[in-house]
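One structure is given here, and the rest of the page talks about it.
Numbered from 1 within each chain, the chains take letters A, B, ... in sequence-line order.
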Amino acid sequence: MGQRSGAEHRDLSALAPELSQSLLAWWEIHGRKDPALKPWMFTKDGRWPEPHEHLNVLECWIAEVMLQQTQLKVVLPYWQGWMKVFPTVDALAAASLEQVRLQWQGLGYYSRARRLHAAAQRLAQGPWPRDLDSWMGLPGIGRTTAGSILSSGFNAPLAILDGNVKRVLARLHAHPRPPAREQVLFWQWSEVLLDPARPRDFNQALMDLGATVCTPRNPDCGRCPWQFCCAAYAAGDPTRWPMTDAPKPLPFQVIGVGVVLNAEGHVLIDQRLDEGLLGGLWEFPGGKQEPGESIEACIERELKEELGIVISVGEELITLDHAYSHKKLRFVVYLCAWVSGDPQPLASQQVRWVSPDQLDTFAFPAANAKMIEALRRSIN
DNA sequence: AAGCCGTGGTC
DNA sequence: TGACCAAGGCT
């Protein structure tokens, strides 16, 4: 067997200094170096840190976890609100998981909030780690998040491999296979290119390049500092990279949901199990419609099975389609009247009767927030 | 290792 | 407007 890798892609290690130099020169002018965009990346007096300076690692850690699969623009207001409510690791560790989830509400991937809380309780115990392995040992922190925290916070020479970096590298090499299948190779590329003298700036510059120039749809190659050695640019159509696997169609299901009111005008909600979809969030009870079943029958059956109650289904409140990352659901929501049975958490953590005014104090998924809005409209 | 896990921006 | 994608991690 010959040396496949040598034949398949260029070795850019010799070019690394030149690539870093051109990238950083671009970044000094066009990078997202704005305290209004990434406040955690700046010193207390509002400067971009010098190589020897450290940042507030708590701020970096919270930001990096929020930024997992989530755009900078979306994260910013959540980060600001979070730091106000949990300004220290002790404040976060001492908070209830309920408070933490309420603060996270709407950001998605809710296990991140639970793991952030668990990690805070470990970090509150002793000195904060400074090495990659210790950070990776904390819940919710993988190699990219750990590398980002340490390179941002301490200027540690650690590579990252997020969606931006994968796309830039895939194009730079015109790599013929989806990055997901070749993590080892892409990590090597990211490490080879990393500037050991300025890892903080280099990682930020690489992500800024991917987010603002080497974008998925319309890459602005005319402004790219790496155009001179980009294989995808040379091939004529950079958007052919990164290669992707054919997407699988999302399964579609109809969910019958009951907004159950009792004689006092209280509403029935349940808290989902911690694991799985929307773990730990509150919701209006319901479940999948079975083949041949009417939606009214579905709601009656689900509430009997999951809560042990008998209800009578009334008027339709709202119907809404909602796409998750791996399935599409249609929620058909009906107002219902409680008839008999004390609600039991047979398929959930807890069940509670609450007045509609209290709903704000529970963390709900986005789809349920729309149901609450419809409920308020129907009551008024 | 491939599937699960949310939501909103963007075109 | 539906489809793709985002500063990924976990199992």
Separation between the P atoms of C/dA7 and B/dC4, rounded to whole Å: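 Rounded to whole Å, the distance is 24 Å.
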B/dG8 versus C/dG9 - spacing of their P atoms, nearest Å: 22 Å
For [X] and [N], what is the distance between atoms [atom1] and [atom2] respectively, to the nearest whole Å?
| X | N | atom1 | atom2 | value |
| --- | --- | --- | --- | --- |
| A/Gln105 | B/dG8 | CD | P | 11 Å |
| A/Leu278 | B/dC5 | CG | C1' | 9 Å |
| A/Lys328 | B/dT7 | NZ | C1' | 15 Å |
| A/Glu283 | B/dG6 | CD | C1' | 15 Å |
| A/Trp282 | B/dG6 | CH2 | C1' | 20 Å |
| A/Asp274 | B/dC5 | CG | P | 14 Å |
| A/Phe252 | C/dG2 | CZ | C1' | 14 Å |
| A/Trp104 | B/dT7 | CH2 | P | 13 Å |

Sub-4.5 Å side-chain heavy-atom contact between A/Trp61 and A/Leu116: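 Result yes, sub-4.5 Å side-chain heavy-atom pair found.
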Ion pair [X]/[Y], N-O distance below 4.0 Å:
| X | Y | answer |
| --- | --- | --- |
| A/Asp245 | A/Arg181 | yes |
| A/Arg112 | A/Glu64 | no |
| A/Arg101 | A/Asp274 | yes |
| A/Arg47 | A/Glu53 | yes |

Pair A/Trp189 + A/His175: ring centers closer than 6.0 Å: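 Yes, the ring of A/Trp189 comes within the 6.0 Å limit of the ring of A/His175, centre to centre.
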A/Tyr78/A/Trp82 aromatic ring centres below 6.0 Å: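 No, too far apart.
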Hey, is the side chain of [X] poking within less than 4.0 Å of OP1 or OP2 on [N], counting only N and O atoms?
| X | N | result |
| --- | --- | --- |
| A/His326 | B/dG3 | no |
| A/Lys327 | B/dC4 | no |
| A/Tyr78 | B/dT7 | no |
| A/His322 | B/dT7 | yes |

Sugar-phosphate, base or nothing in reach of A/Ala180, heavy atoms under 4.0 Å: nothing
Pairwise 5' ranking along DNA chain B for A/Lys248 and A/Ala323, keeping only the more 5' one: A/Lys248
Closest-nucleotide 5' rank along DNA chain B - winner of A/Tyr324 and A/Lys73: A/Tyr324
Contact letters for nucleotides 4-11 of chain C, in which S counts primed atoms plus P, OP1 and OP2 and B counts the base, heavy atoms under 4.0 Å: B-BBBSS-
